[in-house]
Amino acid sequence: MRELRIDLGRICSNYLALKSAFGPAKVMAVVKANAYGHGIIEVANALDEAGVDVLGVADLDEAISLRLGGIKAPVMCWLLDEQDDLQSAVEHNIILGISTIQQLESVPREAIIHLKVDTGLGRNGFMPDRIPDVVKTLQDRRLKVQGLLSHLANTSEAEDLAQQVVFDSVYLMLEQAGVKVDIKHLAASAAAISYPGMRYDMVRCGIVLYGLNPFEDRALEGLAVKPVMSAVAKVANLKSVPAGQGVSYGYRYKTEKPTKLALVPFGYAEGMPRISQGARVKIGQKLFPVVGRIAMDQFVVDIGDSEISMGDEVVIFGDPARNEPTAETLAESAGTVNYEVVTRVGGRANRVFLEP
Ligand SMILES: Cc1ncc(COP(=O)(O)O)c(C=O)c1O
């Protein structure tokens with residue numbers, strides 16, 4: 001009735017495209033949040049077999065789930081809380097992004113750590129003025145550091161470059177204090193594409209790995225990546241209605257003339273944004289508008305007098321190269337971004353994995 005098709009061959013070819021575009025920097029494949037909704041274990045397995053440099057997640061639990069799922073590639077996580085069992089990170093050979101003195105004081109000595117510094121995003125990580133305390137704790141505990149990371153706010157070029165200046169100055173402070181750092185990483189997808197000078201030793205790519213555009217204001221050009229996920233459902237009801245027919249809760253839409261309505265069993269429980277009236281979906285070779293409020297289980301499409309049959313496939317989003325609507329166009333209809341569309345999609349829709 002409804003499914004999410006995940007093309008694992010595209011995950012691998014996208015990853016190789018990123019390696020060739022951003023090399024010699026290593027490429028971390030970011031698979032947090034269930035691999036941006038694509039299915040973390042299957043995606044990670046495909047990447048592991050393709051020889052991924054390192055997999056990145058936010059939570060320690062996600063990192064451990066990769067190990068329990070049999071993933072052998074290096075895994076890093078960077079969003080820890082005080083309840084996290086850092087000893088288990090060592091036991092599962094997880095690289096830790098460390099953001100607080102408390103974490104530095106409690107991390108086992110044999111852990112592989114990267115220091116996370118807040119260069120201007122205002123979220124996680126050490127403020128630069130805490131670096132002397134960081135250095136002291138490292139020295140007191142005789143801890144080794146493998147990496148230094150930060151994350152950009154993607155606000156403007158000037159602000160990104162200002163964050164880079166802070167990043168470089170923190171690296172220098174550490175170096176002058178005798179703290180050796182082998183792997184510096186700052187750029188996620190957008191900066192890896194826009195600023196070759198920010199690639200350092202590694203880039204952390206999420207959204208482009210899934211073939212989606214990190215930019216809201218410009219096209220994704222020059223990278224040979226393709227969308228990995230398509231969301232599809234089958235027409236579950238078809239009917240002719242008169243002019244003036246109200247559609248779905250609150251009658252946000254009334255038909256202007258006699259027409260046909262197709263019912264698509266993919267609701268906000270599956271992650272279809274409730275306000276996506278006006279989005280277009282593809283049935284057969286044509287695009288049709290979504291009309292009326294999206295309900296929990298379903299939405300309605302006005303197909304006019306087109307010849308559509310029960311059970312015909314409806315592509316909710318997929319690949320623009322096949323003239324399908326995209327995660328970007330669906331996001332636009334809901335005033336959000338493709339990241340949110342793919343990470344929320346799911347519900348009762350099964351993921352079907354197309355093997356490489
Ligand atoms: C620290 C960090 N690095 C990298 C990424 C990947 O970002 P993107 O999907 O824009 O490549 C994220 C995602 O939010 C992140 O939090």
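Every number for a ligand or one of its atoms is a count from 1 in the order of the listing.
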min-distance protein heavy atom vs atom 3 (N) of ligand 1 -> Arg204 NE, 2.8 Å

Here the atoms of ligand 1 under 4.0 Å from any heavy atom belonging to Tyr36 are 6 (C), 7 (O), 8 (P), 9 (O), 13 (C)

Any side-chain donor paired with an acceptor under 3.5 Å for Arg204 and His151?
-> yes

For atom 2 (C) of ligand 1, the protein heavy atom that lies nearest, with its residue and separation = His151 CE1, 3.4 Å

Do you see a donor-acceptor pair shorter than 3.5 Å between the side chains of Arg141 and Ser106?
-> no

Verify the distance criterion only: is there a donor paired with an acceptor across the side chains of Ser156 and Glu159 at less than 3.5 Å?
-> yes

Considering only protein heavy atoms, which is closest to atom 11 (O) of ligand 1, and at what distance to one decimal place?
-> Ser189 OG, 2.5 Å

Taking atom types as modelled, find out whether Asp182 and Gln146 have a side-chain donor-acceptor pair closer than 3.5 angstrom.
-> no

Could you tell me whether the side chains of Ser306 and Lys260 share a donor-acceptor contact shorter than 3.5 Å?
-> no

So is there a nitrogen or oxygen of Ile207 less than 3.5 Å from a nitrogen or oxygen in ligand 1?
-> yes

Run down the list Tyr339, Trp78, Phe215 and name the one with the heavy atom closest to atom 1 (C) of ligand 1.
-> Trp78

Looking only at side chains, do Tyr200 and Asp168 share a donor and an acceptor under 3.5 Å apart?
-> yes

Can an N or O of Gly206 be found at a distance shorter than 3.5 Å from an N or O of ligand 1?
-> yes

Ranked by distance from atom 14 (O) of ligand 1, the top protein heavy atom is Lys32 NZ, 2.7 Å

